[in-house]
Amino acid sequence: MSAMEEFENQFGILSAEITSKINQVPNLSGAEKKNLCNLTERQIDEAKELLEQMELEVHSMSQSDKQKYTTRVKSYKTELGRLEKDLKKAKLNFRDEAMREELFSLEDPRNSEDQRTRLLDNTEKLERTSRKLDAGYRMAVESEQMGQDIMDNLHRDRDKIQRSRNRLKDTDAYLGQSSRVLSAMMRRIIQNRFLLFIIAFVLLSVIILTFYFVFRGR
């Protein structure tokens with residue numbers, strides 16, 4: 001197994017563990033949830049270091065393999081970015097829950113109805129804020145996906161333009177070669193015509209001289 005394959009296997013295992021921990025976060029509370037979030041952050045840092053090692057390995061590859069593995073590393077970065085955002089979202093929900101618990105912990109049976117109303121209002125505000133943040137997070141994810149699609153399209157267009165340039169260079173080289181061949185052919189045609197004129201002139205001169213001497217002898 002090559003070094004790159006080993007890195008990819010490690011990243012696959014690490015990303016699966018990160019995904020599993022993020023999915024567990026909503027089911028926990030208090031210190032247990034906080035510890036799990038911290039552990040997941042450390043694993044995300046490990047995944048980032050692993051991606052850096054992958055990039056170094058890609059730089060040492062041949063040109064044919066470099067393009068393929070560069071695309072893979074980009075997809076791994078996108079996946080890790082998504083996991084990092086999912087963890088931030090889970091931590092944000094954790095902070096909202098902690099604030100709600102703190103508000104309700106202040107409640108005392110002796111408090112007035114006004115205090116209860118204020119606490120409920122604050123809770124509703126927190127929920128509305130959480131919904132707005134969720135909507136903003138979804139918009140950010142969609143914008144990131146659109147940006148990634150645009151970058152992929154630009155990359156493909158750049159490859160097409162590069163191939164077209166190479167074909168134009170080849171065509172230009174062929175045209176130059178054809179032009180040189182045609183020029184050589186024209187020079188030969190001109191030379192042949194010049195020789196024909198000389199031969200015709202010589203033949204005509206011989207004929208004239210022949211007739212001259214024939215008539216002179218009579």
Side-chain angles (χ1 to χ4, degrees), residues 1-58 69-149 151:
M1 179 181 295
S2 65
M4 191 65 184
E5 290 175 344
E6 181 66 26
F7 290 150
E8 288 182 314
N9 289 337
Q10 293 178 12
F11 182 82
I13 295 172
L14 199 55
S15 61
E17 292 178 356
I18 292 171
T19 302
S20 176
K21 287 181 173 60
I22 291 174
N23 292 332
Q24 293 175 23
V25 169
N27 301 323
L28 302 176
S29 60
E32 190 175 7
K33 177 179 284 189
K34 184 177 180 181
N35 292 334
L36 185 61
C37 289
N38 293 335
L39 177 59
T40 308
E41 285 181 343
R42 288 195 294 271
Q43 287 187 317
I44 288 176
D45 291 336
E46 292 178 11
K48 289 180 179 179
E49 293 178 358
L50 195 59
L51 288 177
E52 291 177 357
Q53 293 177 357
M54 287 186 190
E55 289 179 334
L56 293 174
E57 186 68 22
V58 168
Y69 284 104
T70 298
T71 303
R72 286 190 185 180
V73 172
K74 285 182 180 179
S75 65
Y76 295 152
K77 282 186 176 181
T78 302
E79 180 182 356
L80 184 60
R82 178 184 59 79
L83 292 175
E84 194 170 9
K85 289 179 180 179
D86 288 344
L87 178 61
K88 288 180 180 179
K89 181 180 177 182
K91 289 176 65 178
L92 181 63
N93 292 337
F94 167 66
R95 287 196 295 269
D96 291 343
E97 291 174 3
M99 291 176 67
R100 283 196 291 268
E101 291 176 359
E102 183 178 355
L103 285 172
F104 283 112
S105 66
L106 297 175
E107 188 175 0
D108 193 319
R110 296 170 297 178
N111 287 341
S112 65
E113 189 65 27
D114 291 339
Q115 286 181 308
R116 290 176 178 270
T117 302
R118 284 196 297 271
L119 289 173
L120 290 173
D121 290 340
N122 289 333
T123 301
E124 291 177 358
K125 289 179 181 179
L126 285 173
E127 290 176 352
R128 286 196 298 270
T129 301
S130 179
R131 286 194 295 269
K132 289 180 180 179
L133 289 172
D134 289 341
Y137 171 77
R138 287 192 297 270
M139 290 179 63
V141 171
E142 292 174 358
S143 298
E144 181 185 12
Q145 185 61 43
M146 290 177 61
Q148 185 64 38
D149 293 340
M151 290 297 295

Tyr69: which residues meet the side chain to side chain donor-acceptor pair (under 3.5 Å) condition with it, sequence neighbours left out? none
CD1 of Ile44 to CG of Leu83: how many Å apart, nearest 0.5 Å? 6.5 Å
Would you compute the distance between atom CG of Leu28 and atom CG of Leu36 and round it to the nearest 0.5 angstrom? 6.0 Å
For Glu6 and Ser2, test the side chains for any donor-to-acceptor distance below 3.5 angstrom and give the result as yes or no. no
Any donor and acceptor pair, going by atom type alone, linking the side chain of Lys21 with main-chain N or O of Thr40 inside 3.5 Å? no
For Phe11 and Met54, the nearest pair of non-hydrogen atoms, with its separation, is CB-CE, 3.6 Å
How far does CG of Leu14 sit from CD of Glu49, to the nearest 0.5 angstrom? 10.0 Å
Leu87 and Cys37: which non-hydrogen atoms are nearest, and at how many Å? CD2-O, 4.1 Å
Are Val73 and Met4 close enough that some pair of their side-chain heavy atoms sits under 4.5 Å apart? yes
Measure the shortest side-chain to side-chain distance between Glu41 and Lys91 over non-hydrogen atoms and say whether it is less than 4.5 angstrom. yes
Hey, are Lys77 and Glu55 close enough for a salt bridge, meaning a charged N less than 4.0 Å from a carboxylate O? yes
Pairwise distance CD(Gln43) to OG(Ser20) - rounded to 0.5 angstrom: 9.5 Å
Which atom pair, heavy atoms only, marks the closest approach of Ile18 to Ala47? CD1-CB, 4.5 Å
Spacing of Gln10 atom CD and Glu5 atom CD [to the nearest 0.5 Å]: 12.5 Å
Measuring from atom CG of Asp86 to atom OG1 of Thr19, what distance do you get when rounded to the nearest 0.5 angstrom? 8.0 Å
Note, Glu17 side chain near Ile13 side chain (heavy atom, < 4.5 Å): yes
Looking only at heavy atoms, the pair that brings Leu51 and Tyr76 closest together is CD2-CB, 3.5 Å
Start with the C-alpha distance between Glu79 and Ser75, add both sets of side-chain angles, then the distance that settles side chain to side chain donor-acceptor pair (under 3.5 Å), and finish with yes or no. CA-CA 6 Å; Glu79 180 182 356; Ser75 65; over 6 Å; no
